[in-house]
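Remarks on the structure that follows.
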Amino acid sequence: MTSDHSIWASLPVPAFLIDPEDRIADVNSAGEGFLNASKKAVEGTPVWDQIAIDAPIEEAFERARTNGTPLFVNDIDVGSGSRAPLQCALQIAPLLGHPGTMIMIISPRELAGRMTQNHSVKSAAQSAIGMAEMLAHEIKNPLAGITGAAQLLSMNLGAEDLELTDLIVAESRRIVKLLEQVEQFGNLSTPDFKPVNIHDVLDRARRSAQLGFGAHMTIIEDYDPSLPMALGDPDQLLQVILNLLRNASEAADPQGGTIRLRSYFEHSFRLRRSDGTGQSLPLQIEIIDDGPGLPDKIKADIFDPFVSGRENGTGLGLALVSKIISDHNGWVSVTSVPGRTVFRLSLPRVPRGHMDKE
Ligand SMILES: Nc1ncnc2c1ncn2[C@@H]1O[C@H](COP(=O)(O)OP(=O)(O)O)[C@@H](O)[C@H]1O
Ligand SMILES: [Mg+2]
């Protein structure tokens with residue numbers, strides 16, 4: 001029989017044993033290579049100091065440990081102190097016979113190719129937005145000319161032809177609306193950070209939704225009254241909530257549906273970034289609807305610009321949500337099945353000692 005030790009040493013992928021206090025108990029040689037550090041140097045050190053992950057997995061990790069179940073995380077950026085993050089899959093499982101100790105295997109994607117592809121998709125989206133902004137600006141002037149001309153024409157027309165000029169005017173308005181959405185991206189400034197009462201923002205969004213696009217919806221508030229202030233830009237956060245409410249309202253049956261606005265505190269929620277920094281994001285806001293759920297075809301890409309599942313959609317609503325939340329150093333995630341779609345925002349709180357201005 002081969003010894004456990006030689007199996008461990010021969011594993012061709014980075015593998016770590018993590019003790020119940022989240023310290024590295026052992027690392028194989030591929031793992032040493034991944035960290036670019038010797039086993040001696042890292043043994044006994046906190047694992048999350050050595051390995052930085054661009055996702056809040058701690059909660060799931062803890063659950064895996066408590067329940068003794070394996071955890072599999074696909075497609076996340078994993079970094080170590082000394083090198084650029086790599087896209088990896090993580091496999092974590094409890095070590096049999098050692099309660100609380102976990103084994104973690106990191107599989108970098110076989111992908112010189114895939115990484116670059118991902119990158120170029122991102123920058124393609126970026127330049128698509130840049131291009132669209134430029135076009136938006138250029139199209140608005142001639143469009144105003146066309147609308148004006150149609151309105152002049154309409155003065156001397158009979159009812160039948162009026163229909164046509166009305167059509168020109170109405171469609172032009174629609175284009176202007178689209179262009180304005182595109183321009184919102186360009187105009188988005190960095191957030192003006194201040195203490196924000198999230199419940200005020202949710203209330204404003206709810207009221208404005210019920211007067212307009214969400215008049216057919218029942219909106220329920222489910223707030224944690226002791227929620228501390230968030231650190232953010234109230235106007236931009238309002239925009240985010242409005243976009244999410246609008247999507248939920250548009251996805252719902254025209255007869256109506258229910259949206260639940262939920263807030264709660266989760267002090268263990270931390271974001272680990274692949275550059276090694278971390279951030280606590282304890283404020284949770286969920287927008288939950290009981291509509292049909294995200295269309296399967298676009299599920300994976302809904303935060304990308306120009307991805308829409310609706311006939312007249314621009315695909316810019318969630319792209320803006322994602323941009324604003326990432327400018328806030330926050331995190332947005334979504335889970336969706338028919339009957340229950342949850343958009344969850346995680347935000348930083350106002351640091352202790354920060355003067356509350358409001
Ligand atoms: N709550 C939701 N329920 C079902 N589908 C949704 C929901 N939110 C977003 N979507 C889907 O995601 C797509 C992208 O949304 P968004 O970026 O706001 O663009 P748009 O609303 O212009 O289509 C929508 O077209 C819709 O198909
Ligand atoms: Mg939308």
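Counting starts at 1 for both ligands and their atoms, following the listed order. The structure displayed is predicted, hence computed values, not measured ones.
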_Parallel, tilted or perpendicular: rings of His199 and Tyr223 (30°, 60°)_ =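 Correct class here is parallel.
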
At a 4.0 Å cut-off, with the gap strictly under it, does some heavy atom of [X] reach an atom of ligand 1?
X      : value
Gly315 : yes
Ile287 : no
Asn243 : no
Phe303 : no

*Does one hydrophobic cluster hold both Leu294 and Val342, with members joined at side-chain heavy-atom distances below 4.5 Å?*
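In one cluster: no.
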
*Treat each ILVMFWY residue as a node, draw an edge where side-chain heavy atoms are under 4.5 Å apart, and state whether Leu318 and Ile287 are in one component.*
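Yes, because Leu318 and Ile287 connect within a single hydrophobic cluster, where side-chain heavy atoms sit under 4.5 Å apart.
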
Is there a donor-acceptor pair closer than 3.5 Å between any side-chain N or O of [X] and the backbone N or O of [Y]?
X      : Y      : result
Asn28  : Gly31  : yes
Asp290 : Arg340 : no
His216 : Gly257 : no
Arg65  : Gly100 : yes
Asn67  : Thr69  : no

Ligand 1 atoms in contact with [X] (distance to a heavy atom under 4.0 Å):
X      : answer
Asp289 : 1 (N), 2 (C)
Thr314 : 22 (O)
Val307 : 14 (C)
Leu294 : 4 (C), 5 (N), 6 (C), 7 (C), 9 (C), 10 (N), 11 (C)
Ile302 : 12 (O)
Ala248 : 1 (N)
Gly313 : 22 (O), 23 (O)

Taking the basic N atoms (NZ, or NE/NH1/NH2) and the acidic carboxylate oxygens, is any pair closer than 4.0 Å for [X] and [Y]?
X      : Y      : value
Arg174 : Glu171 : yes
Glu250 : Arg310 : yes
Asp235 : Arg204 : yes

Short N or O distance, [X] and ligand 1, threshold 3.5 Å exclusive:
X      : result
Ile298 : no
Gly309 : yes
Ser308 : yes

*For atom 21 (O) of ligand 1, which of Arg310, Lys297, Gln181, Arg246 has the closest heavy atom?*
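Going through Arg310, Lys297, Gln181, Arg246 one by one, Arg310 has the nearest heavy atom to atom 21 (O) of ligand 1.
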
*Selection from Gly293, Pro338, Gly291, Ala252 by shortest heavy-atom distance to atom 4 (C) of ligand 1*: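 Nearest option to atom 4 (C) of ligand 1, by heavy atoms: Gly293.
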
I need the nearest protein heavy-atom contact for [atom]: residue, atom name and distance, please.
atom                    : answer
atom 17 (O) of ligand 1 : Leu318 N, 2.8 Å
atom 3 (N) of ligand 1  : Ala251 CB, 3.4 Å
atom 9 (C) of ligand 1  : Asn247 ND2, 3.6 Å

*Looking at Phe61, is Arg63 sitting on its ring face, NZ or CZ under 6.0 Å from the six-membered ring centre and within 45 degrees of the normal?*
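Geometry flag: not set, cation outside 6.0 Å or 45°.
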
*Determine whether the side chain, the backbone, both or neither of Pro295 has a heavy atom under 4.0 Å from any heavy atom of ligand 1.*
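Contact part for Pro295 vs ligand 1: side chain (C-beta onward).
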
*State, yes or no, whether a side-chain contact exists between Met229 and Asn197 at a heavy-atom distance under 4.5 Å.*
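Yes, close enough: below the 4.5 Å cut-off.
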
*Is there an N/O/S atom in Asn243 that lies less than 2.8 Å from the Mg ion (ligand 2)?*
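Given the 2.8 Å cut-off, Asn243 does not count as a ligand of the Mg ion (ligand 2).
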
